[in-house]
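FYI, side chains are in, hydrogens and waters are out, and symmetry mates aren't considered; it's all heavy atoms of this structure.
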Amino acid sequence: MFLSIAIIALLIIFPKEASQGAIDGLRLCASAVIPALFPFFVATRLLPELKCNALSKLYRIPEGSLSALFVSFLGGYPIGVARVCSMYEDGIISKHEAQQAIVFCNNSGPGFFVGMLGGYIFQDTVVGLVLYAIHILSAILCTYLFQPRAKDYTLKRINHEKKSFAQNFTQAISASCEAMLNVSALVVLFSIIISILDALKLFSALPQNIQALIFGSLELTSGIALTKNTVNSFAICAFLMGWGGLCVHLQAMAIWNKQGLSVRNYLPAKLLHGLLSAFLALSFMQGIVTFIITSLIFIIICGILRNFIKFGVEKRKDLLYNTSKR
């Protein structure tokens, strides 16, 4: 109630700023968001299930979930979530598998890294590609930590009814339009919020890199734009791309809520993704040898933590089982 009243009051006090924020948001949707995302929404829904049997056994992840992870690396936010939900809707993966997969299948694609980061922020495509590689490595480490345990799943896919291409194409267009409308509405809303916050000048006294972190935690593009020519912009961009921003998370939630899914550990996983990316970016700034050593250390730590978590869960199950027998 209080939040709603505060938002209405701010809209009344700053009508011009709110209108300009809405215009900027709509312009962003028309020029960048819709052209970049809509084709990927349609394409990922039409994409057949990828065959990842060997990797799924190695990673102990169902094939459908692993294929969604690869799609997220190609399509970007929130294409991976849309892919998971479409596979769940088609019966390719179970509800439990979908809820687990969403935790690690919402990642950014190469377009934003090459275009926005490489082209606009750093004016060097290679830098954008390096950040993309760091983003993927951090996502894989998070996947290894948050992946389903082997005892929780079989690696068999659920049988589902095959549909004709015309049916699949029509459903892909319809579902993609609905998802695109939700995404665009959130982009416009956050553009209005950021425009009003900028008018309030609440953060004007803070350093620009801190402002970038604050605004980027709300809406990714706005924060990334503020990192240009700032100190530690490389590490800040790495963190923001891993975290994704509240706007991205709400976009993903709008997609998975429509399927009746309930996702745990999503926000902790995205925060960990951002922090790992930032640490790896800082190590890369110290040299390639430091980066390789740091990466290996993180891989070892993730392996130890995963086994520790698995051991704790199994001990807890054994304790509950023995208690129930008494």
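Thr294 contributes atom OG1, which lies 10.0 Å from atom CD1 of Ile301 (distance to the nearest 0.5 angstrom).
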Side chains of residues 228-239: which donor-acceptor partners sit under 3.5 Å, not counting sequence neighbours?
{"from": "Lys228", "atom 1": "NZ", "to": "Tyr120", "atom 2": "O", "distance (Å)": "3.4"}
{"from": "Thr230", "atom 1": "OG1", "to": "Thr227", "atom 2": "O", "distance (Å)": "2.6"}

Return a table of donor-acceptor pairs under 3.5 angstrom between the side chains of residues 208-217 and protein atoms on other chains or two or more places apart.
{"from": "Gln208", "atom 1": "NE2", "to": "Leu226", "atom 2": "O", "distance (Å)": "2.7"}
{"from": "Gln211", "atom 1": "NE2", "to": "Phe203", "atom 2": "O", "distance (Å)": "3.2"}
{"from": "Gln211", "atom 1": "NE2", "to": "Leu206", "atom 2": "O", "distance (Å)": "2.9"}
{"from": "Ser217", "atom 1": "OG", "to": "Leu213", "atom 2": "O", "distance (Å)": "2.6"}

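Taking the six-membered ring for Trp and thresholds of 30 and 60 degrees, Phe298 and Phe279 have ring planes inclined between 30 and 60 degrees apart.
A search for side chain to side chain donor-acceptor pair (under 3.5 Å) contacts involving Arg264 returns nothing, not counting sequence neighbours. With sequence neighbours excluded, the residues satisfying side-chain contact (heavy atoms from CB on, under 4.5 Å) with Ala199 are Phe14, Glu17. In this structure, the side-chain contact (heavy atoms from CB on, under 4.5 Å) partners of Ile136, at least two apart in sequence or on a different chain, are Phe73, Tyr132, Ile140. Partners of Val289 by side-chain contact (heavy atoms from CB on, under 4.5 Å), not counting sequence neighbours, listed by chain and number: Ile293. Applying the side chain to side chain donor-acceptor pair (under 3.5 Å) test to Ser108 and every residue at least two apart in sequence or in another chain returns nothing. With sequence neighbours excluded, the residues forming a side chain to side chain donor-acceptor pair (under 3.5 Å) with Asp24 are Gln20, Arg27, listed by chain and number. Residues passing the side-chain contact (heavy atoms from CB on, under 4.5 Å) test with Ala30, sequence neighbours excluded: none. By the side chain to side chain donor-acceptor pair (under 3.5 Å) test, Ser191 pairs with no residue at all, sequence neighbours left out.
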Check: Please walk me through it: do Lys95 and Tyr88 pass side-chain contact (heavy atoms from CB on, under 4.5 Å)?
Finding: CA-CA 6 Å; Lys95 182 175 183 178; Tyr88 166 63; 3.5 Å; yes
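Connectivity analysis of hydrophobic side chains (ILVMFWY, heavy atoms under 4.5 Å, direct or indirect) links Val114 to Leu129.
A donor-acceptor pair under 3.5 Å links the side-chain atoms of His273 to the main chain of His135, judged by distance alone.
Residue pairs meeting the ring pair (Phe, Tyr, Trp, His ring centres under 6.0 Å) criterion with at least one member in residues 166-195, sequence neighbours excluded: Phe165-Phe169.
Side-chain contact check for Val127 versus Leu117: every heavy-atom pair is 4.5 Å or farther apart.
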